[in-house]
Amino acid sequence: MTLKPPKPTFTIRQLNQIQALIITNPQPHILNPLLKTLTQSSNPQNAFLIYNQMLHHPLAYNHYTFTHALQACTLTHTHQKGLEIHASVIKCGHLHDLFIQNSLIHFYYVTRNDIFSAHKIFDSLLYPDVVSWTTIISGLSKCGFFREAIDMFAAMNVKPNCNTLVSVISACSGLGSLKFGKAIHGYSLRNFHEDNVILENAVLDFYARRGSPESARHLFVKMPKRDVVSWTTMIGGYVQRGFCEEAETEPNDATLVNVLSACSSIGALNLGQSVHSYINSRYGFWVSKLVGNALINMYVKCGEMGMAIQVFNMLQVKDIISWSTVISGLAMNGYGKQALQLFSLMIVNWVCPDDITFTGLLSACSHGGMVDQGLMIFKAMSVYKIVPQIQHYACMVDMYGRAGQLEEAEAFIREMPCEADGPVRGALLNACRIHGNERMFERNKQKLIYMKGVSTGTFALVSNTYASADRWEDANKVRKDIRSMRLKKKAGCSWIEMNTLVPEEKSENRAFQEIDSKRLHEI
DNA sequence: ATAGGGTTAG
């Protein structure tokens, strides 16, 4: 359900390639980034293989190497290996590197909750920087020493940043120190103006657990960006309060819709089902259109199409949202043919499709390999006076591409009235990768750089394609491009391709919320 | 290069 790109996975063959590289080309500035990528891959243990070998070649490593190796220990909770690395650091004379010292502090409390070793290193620092302070504060807080964490924050002699505030506010939540928490919140408002979801979530959690439900709600509504954690924090509040026993604040339709959208966005089927049975027990199997649609959406997002259709059939009044949700849901869950059948039923029932309905239909065709039908549906859009938007074009390119009709896909892009953006180009590249058309891949890859709306996922696709062809220089070059671009732009979001309910490129949960409220009010 | 938020529950 979440949209985070999956961590890369390295094959044995790729690992062998890297190991060969250590012998043939032992340069830290090439090997360290690879080590880092391995550390952050789905199997961080592999980093130790490479690290061990790097350490045997005096030319292959430098002080950067140790920070990555320590991060691998932290992620895998490998205490013994970390001690060994600590010893190597001393042996190599790098113990006075602040980056390594900070990594060691982090390592000791994460792997063993070993605050004493962590503090021993921290106390030896002549000039602890903001990272050292933040690491020690978050360490104390995570071990339950909230008071001590707050005291450390008060003792800081360098300017805290957002990360520091996150750690200290979380300590305030743990301790239940209302006064201090509010003070930190005030400080963050005065000093950090750019919005930071993580900081806002930490503040939200503080008010949800220690303030009033109203204050948390107020904050939540005003957040410029909400992610899964924001929703979870709020659900936590609702669930703790309990639906049934709360005499004063009974959930209304809006509450139920909100909680159900929260369940949808994190795929919390169990919670969603309990909300459903709560609704049944209270309203006797009758649901309003608003809540009904939210229920359908929840079941769709959790992959329970049977339940989604059951609720859909029960709905007395079905509107365009109900129909489109089920159609997109069928498409998303691999029932392309059924999606088209339901569309016919919708037309027979005199419900007029809109642009979102068509995005669902086209994605049904692309995932179901139904090129002819897709083309017909695309043409049918004009009958309903709907001008194709970029997401419709992306579906078409994806449809041709998946079916192996690469020339048609490329020609389709050429004839588009608007410029091909990241998702459109990404769909084509993905098709080239699937069908192994290297020449077309190269041709279109060039156009990605400096194009707007290209998600890092698209670049990762390019890089991984090279990596799986053992073209490491090319893969690294793309990775470098990703890094340099990150400074300039926020990562795009390819949500559209996966979830046909969203009309525009926006942050996932925001889009949910806006659609639900905007469109439900129209009715 | 290193540090940051939420978590179902008998």
Side-chain angles (χ1 to χ4, degrees), chain A residues 1-2 28-29 31-37 39-40 47 61-75 85 89 94 97-110 118 121-122 125 128-142 149 152-153 156 158 160-174 184-185 188 192 195-209 216 219-220 223 225-240 259 262-263 265-275 483 509:
Chain A
M1 272 305 132
T2 48
H29 72 94
L31 297 171
N32 283 335
L34 285 168
L35 184 65
K36 186 186 175 172
T37 312
T39 297
Q40 290 162 356
Y61 71 91
N62 61 12
H63 47 298
Y64 285 55
T65 312
F66 297 109
T67 58
H68 298 135
L70 283 169
Q71 196 187 42
C73 297
T74 307
L75 286 170
I85 294 169
V89 166
H94 285 305
D97 183 301
L98 192 55
F99 283 86
I100 294 176
Q101 288 166 320
N102 289 343
S103 303
L104 278 168
I105 296 173
H106 191 219
F107 160 77
Y108 276 111
Y109 82 69
V110 171
I121 299 169
F122 182 81
L125 303 180
D129 65 5
V130 65
V131 177
S132 326
W133 284 102
T134 306
T135 308
I136 211 83
I137 290 169
S138 83
L140 285 167
S141 175
K142 285 198 173 126
M152 277 303 238
F153 177 77
M156 272 180 85
V158 291
N161 63 18
C162 277
N163 293 354
T164 326
L165 295 188
V166 168
S167 296
V168 75
I169 196 109
S170 140
C172 292
S173 307
I184 304 279
H185 182 205
S188 78
F192 299 99
D195 49 69
N196 177 331
V197 213
I198 297 184
L199 177 55
E200 290 194 333
N201 284 342
V203 174
L204 181 68
D205 179 56
F206 170 74
Y207 284 104
R209 280 162 65 190
L219 215 81
F220 182 74
M223 280 171 77
K225 207 174 150 191
R226 291 171 212 103
D227 68 0
V228 176
V229 176
S230 332
W231 284 105
T232 313
T233 305
M234 287 306 282
I235 299 177
Y238 286 122
V239 171
Q240 270 173 27
V259 178
C263 296
S265 59
I266 59 172
L269 179 60
N270 284 337
L271 193 59
Q273 278 171 330
S274 68
V275 174
R483 272 200 298 279
N509 294 314

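Just so it is clear: chains get the letters A, B, ... in the order the sequence lines come, proteins before strands, and each one is counted from 1.
For Ser132(A), the side-chain hydrogen bond (donor to acceptor under 3.5 Å, both in side chains) partners are Asn102(A), Asp129(A), not counting sequence neighbours.
One finds a side-chain N or O of His106(A) lying less than 4.0 angstrom from the OP1 or OP2 phosphate oxygen of dG4(B).
What separates NZ of Lys142(A) from C1' of dT7(B) is a distance of 14 Å, to the nearest Å. Rounded to a whole Å, the OH atom of Tyr109(A) is 9 Å from the C1' atom of dG4(B). We find that CZ of Phe107(A) is positioned 13 Å from P of dA3(B), with the value rounded to whole Å. Note: CE (Met223(A)) to P (dG6(B)) measures 13 Å, nearest angstrom. Residue Asp205(A) contributes atom CG, which lies 13 Å from atom C1' of dG4(B) at whole-angstrom precision. Atom CG of Asp129(A) is separated from atom P of dG4(B) by 14 Å (rounded to the nearest Å). The distance between atom NE2 of His94(A) and atom P of dA1(B), rounded to the nearest whole Å, is 16 Å. Between Asn32(A) atom CG and dT2(B) atom C1' the separation is 13 Å, expressed in whole Å.
Side-chain contact between Glu200(A) and Lys225(A): absent, with no pair of heavy atoms (C-beta onward) separated by less than 4.5 Å. With contacts defined as side-chain heavy-atom distances shorter than 4.5 Å, the pair Met156(A)/Val168(A) does not qualify. Using a 4.5 Å heavy-atom cutoff, the side chains of Leu125(A) and Ile105(A) are in contact. Residues Phe122(A) and Pro128(A) have side chains in contact (heavy-atom distance under 4.5 Å, counting atoms from C-beta outward). In this structure the side chain of Ser138(A) reaches within 4.5 angstrom of the side chain of Tyr109(A), judged on heavy atoms.
Using a 4.0 Å heavy-atom cutoff across all strands shown, Thr134(A) reaches at least one base atom of the nucleic acid.
For His63(A), counting side-chain heavy atoms from C-beta on, the closest listed nucleotide (dG4(B), dA1(B), dT2(B)) is dA1(B). Ranking dG4(B), dG6(B), dT2(B) by closeness to the Phe99(A) side chain, first place goes to dT2(B). With dG4(B), dA1(B), dG6(B) as the choices, the nucleotide that has an atom nearest any side-chain atom of Thr233(A) turns out to be dG6(B). The side chain of Arg209(A) lies closest to dG6(B) when the candidates are dT2(B), dA1(B), dG6(B). When each of dT2(B), dG4(B), dA3(B) is scored by its nearest atom to the side-chain atoms of Asn161(A), the top-ranked nucleotide is dA3(B). When the nucleotides dT2(B), dG6(B), dA1(B) are ranked by their closest atom to the side chain of Ser170(A), dG6(B) comes out on top.
With hydrogens and angles ignored, no donor-acceptor pair under 3.5 angstrom links the side chain of Asn102(A) to the base of dA1(B).
Using cut-offs of 30° and 60° on the angle between ring planes, the pair Phe66(A) and Tyr61(A) is perpendicular.
Scanning residues 66-75 of chain A for heavy-atom distances under 4.0 Å to DNA chain B yields Thr67(A), His68(A), Gln71(A).
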